[in-house]
Amino acid sequence: MSKAFDIDKLKQNCLILWAIVQHKYRYLTECISRFGGSGISWWLKTHQQQKEFETALKDLRKELADESVQLDLVEKVFAGFLIPEDDLGHVYWYTDAHNKLQAFEKKLEETSVVNVKMLKQAMNELKFIGQSDDFHRIYQLEDIQQRVKNMYQELQKKIAEQQSIEREKISVETQKNDAEKAASEAEKAAALAKAKTMESMKVKEKRLAIIEDKKRQQAEKELTELRIKEQNELAEQQAKSAEIARQEKLQESYRSLEIEEAIKGMPLEEMIELVNEKIENKHVFNFVQLDQLTKLKATIDNKELSE
């Protein structure tokens, strides 16, 4: 019974040892296949951790199936193991992508504005991850790689949408600016037209004032000429009247002389009779002649007295 038990345990130990040998041999072939001659050296450095590393990778795959798990978990898992330096670069891409996405989300929360520049920087890291097929095949992380690719495509859509929104904003702003510029130009044009109209009105008013002034001057000139003409006509008329009066006076004087000459040769009795007759019929004389006859009568009377 004891002997049979020992044989079974030995068989079990042999199976375990064989599984370990097979695992280590498989890992060795992988190292040689990947690194060539230096694969044996790499195997010697890392075969002790390989079982634990594979378990950690298995757990990582399960956790990353939840899309709420952050990408920086990749570096946290890989950091506990020795891996090729070239693979570290791929691991750091996950951390860089995580940090840049976090910075983008924080900026978005603070400003409520999609920072396309920051988003593109994060997308560059996602792009590198999506292109590193060998790394993900070696560590059997194709699912997380596909998740990153999907994330990259979604972000591309968001960028396209944001750029479309930005273009629309720019278009609206441009239209607004154009409208404001057009309104400003129209206002300037209206102001200029108004200024020109006012200037034209001033020029017109000035011209009208000049015309009115000329009309006024012409009217004053015509009035002055009319007054001069009237004065000349009045002076001429007065001169004519004066000439007529002078001629009448001369005629009266001449008549007086004729009467005096005629009287000188008359006898005194006839002269007296003539004067009395003329005085009695004085309506046939004007006042000048009447006065002369009256004076003449006085002279005769005085003559008689002297005789």
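- Of the possible donor and acceptor atoms, none in the side chain of Ser184 sits under 3.5 Å from a partner among the backbone N and O of Glu180.
- Counting heavy atoms from C-beta on, the side chains of Asp143 and Leu64 never come closer than 4.5 Å.
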Full working for salt bridge (charged side-chain N to carboxylate O under 4.0 Å, His left out) between Glu243 and Lys240
CA-CA 5 Å; Glu243 179 63 21; Lys240 287 181 179 179; over 6 Å; no
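- From Gln156, atom CD reaches atom CE of Met151 across 13.5 Å, with rounding to the nearest 0.5 Å.
- To the nearest 0.5 Å, atom CE of residue Met123 and atom NZ of residue Lys100 are 12.5 Å apart.
- Taking a 6.0 Å sphere around CD of Gln217, one finds it holds more than 12 heavy atoms contributed by other residues, nucleotides or ligands.
- Residues His90 and Ile129 form no side-chain contact, since every pair of their non-hydrogen atoms from C-beta on lies 4.5 Å or further apart.
- Within a 6.0 Å sphere centred on NZ of Lys107, heavy atoms belonging to other residues, nucleotides or ligands number 12 at most.
- Transitive grouping of hydrophobic side chains (ILVMFWY, heavy atoms separated by less than 4.5 Å) keeps Val91 and Trp42 in distinct clusters.
- A distance of 10.0 Å separates CG of Leu119 from CD of Glu105, quoted to the nearest 0.5 Å.
- Placement of Ile32 and Ile138 in two distinct hydrophobic clusters is found when ILVMFWY residues are connected by side-chain heavy-atom separations under 4.5 Å, directly or transitively.
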For residues 201-209, which side-chain N or O atoms pair as donor and acceptor with protein atoms under 3.5 Å away, sequence neighbours left out?
none

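- Side-chain contact check for Val148 versus Gln145: every heavy-atom pair is 4.5 Å or farther apart.
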Pairs under 3.5 angstrom only: tabulate donor-acceptor contacts from the side chains of residues 67-86 to other protein residues two or more places apart or in another chain.
{"residue": "Ser68", "atom": "OG", "partner": "Asp66", "partner atom": "OD1", "Å": "2.9"}
{"residue": "Ser68", "atom": "OG", "partner": "Asp66", "partner atom": "OD2", "Å": "2.9"}
{"residue": "Gln70", "atom": "OE1", "partner": "His98", "partner atom": "ND1", "Å": "3.3"}
{"residue": "Gln70", "atom": "OE1", "partner": "Gln102", "partner atom": "NE2", "Å": "3.4"}
{"residue": "Asp72", "atom": "OD2", "partner": "His98", "partner atom": "NE2", "Å": "3.4"}
{"residue": "Glu75", "atom": "OE1", "partner": "Thr95", "partner atom": "OG1", "Å": "2.1"}

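- Both Tyr92 and Leu57 belong to a single network of hydrophobic side chains, linked directly or stepwise wherever heavy atoms of I, L, V, M, F, W or Y lie under 4.5 Å apart.
- When side chains are defined from C-beta on, Asp87 counts as touching Tyr139, because their heavy atoms get closer than 4.5 Å.
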Could you walk me through whether Ile144 and Leu60 pass the side-chain contact (heavy atoms from CB on, under 4.5 Å) test, one step at a time?
CA-CA 10 Å; Ile144 183 61; Leu60 176 63; over 6 Å; no
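- Note that CD of Glu222 is 12.0 Å distant from NZ of Lys215, once rounded to the nearest 0.5 Å.
- Connection of Tyr152 to Leu108 is established within a shared hydrophobic cluster, with ILVMFWY side chains joined at heavy-atom distances below 4.5 Å, either directly or through further cluster members.
- With values rounded to the nearest 0.5 angstrom, Glu168 atom CD is found 14.0 Å from Gln163 atom CD.
- Here the closest heavy-atom approach between residue Gly130 and residue Lys149 is recorded as O-CE, 3.1 Å.
- Inter-residue side-chain proximity for Val114 and Lys158 is flagged as unmet; no heavy-atom pair is nearer than 4.5 Å.
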Between Glu236 and Asn232, does the side chain to side chain donor-acceptor pair (under 3.5 Å) criterion hold? Intermediate values first, please.
CA-CA 6 Å; Glu236 184 178 353; Asn232 290 337; over 6 Å; no
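- With a 4.5 Å cut-off on side-chain heavy atoms, Arg26 and Glu30 count as touching.
- Looking at Ser41, its side chain never comes within 3.5 Å of a backbone N or O of Ser38 through a donor-acceptor pair.
- Looking at Glu220 and Arg216, a side-chain N of the basic residue comes within less than 4.0 Å of a carboxylate O on the acidic one, giving a salt bridge.
- Residues Ile159 and Ile165 are members of separate hydrophobic clusters, defined by side-chain heavy-atom contacts under 4.5 angstrom among Ile, Leu, Val, Met, Phe, Trp and Tyr.
- One finds a salt bridge joining Arg137 and Asp134 here, because a Lys/Arg side-chain nitrogen approaches an Asp/Glu carboxylate oxygen to under 4.0 Å.
- Residues Arg227 and Glu230 are not paired through a salt bridge, judged by the lack of any N-O separation under 4.0 Å between the basic side chain and the carboxylate.
- Within the 4.5 Å cutoff, no side-chain heavy atoms of Lys120 are placed close to those of Lys117.
- In this structure, NE2 on His47 lies 10.0 Å from CD on Gln49, to the nearest 0.5 angstrom.
- Looking at Gln146 and Asn150, their side chains do bring a donor and an acceptor atom within 3.5 Å of each other.
- Within the 4.5 Å cutoff, the side chain of Glu166 has heavy atoms near those of the Gln162 side chain.
- The 12-atom threshold is not exceeded at CD of Gln237, counting heavy atoms of other residues, nucleotides or ligands nearer than 6.0 Å.
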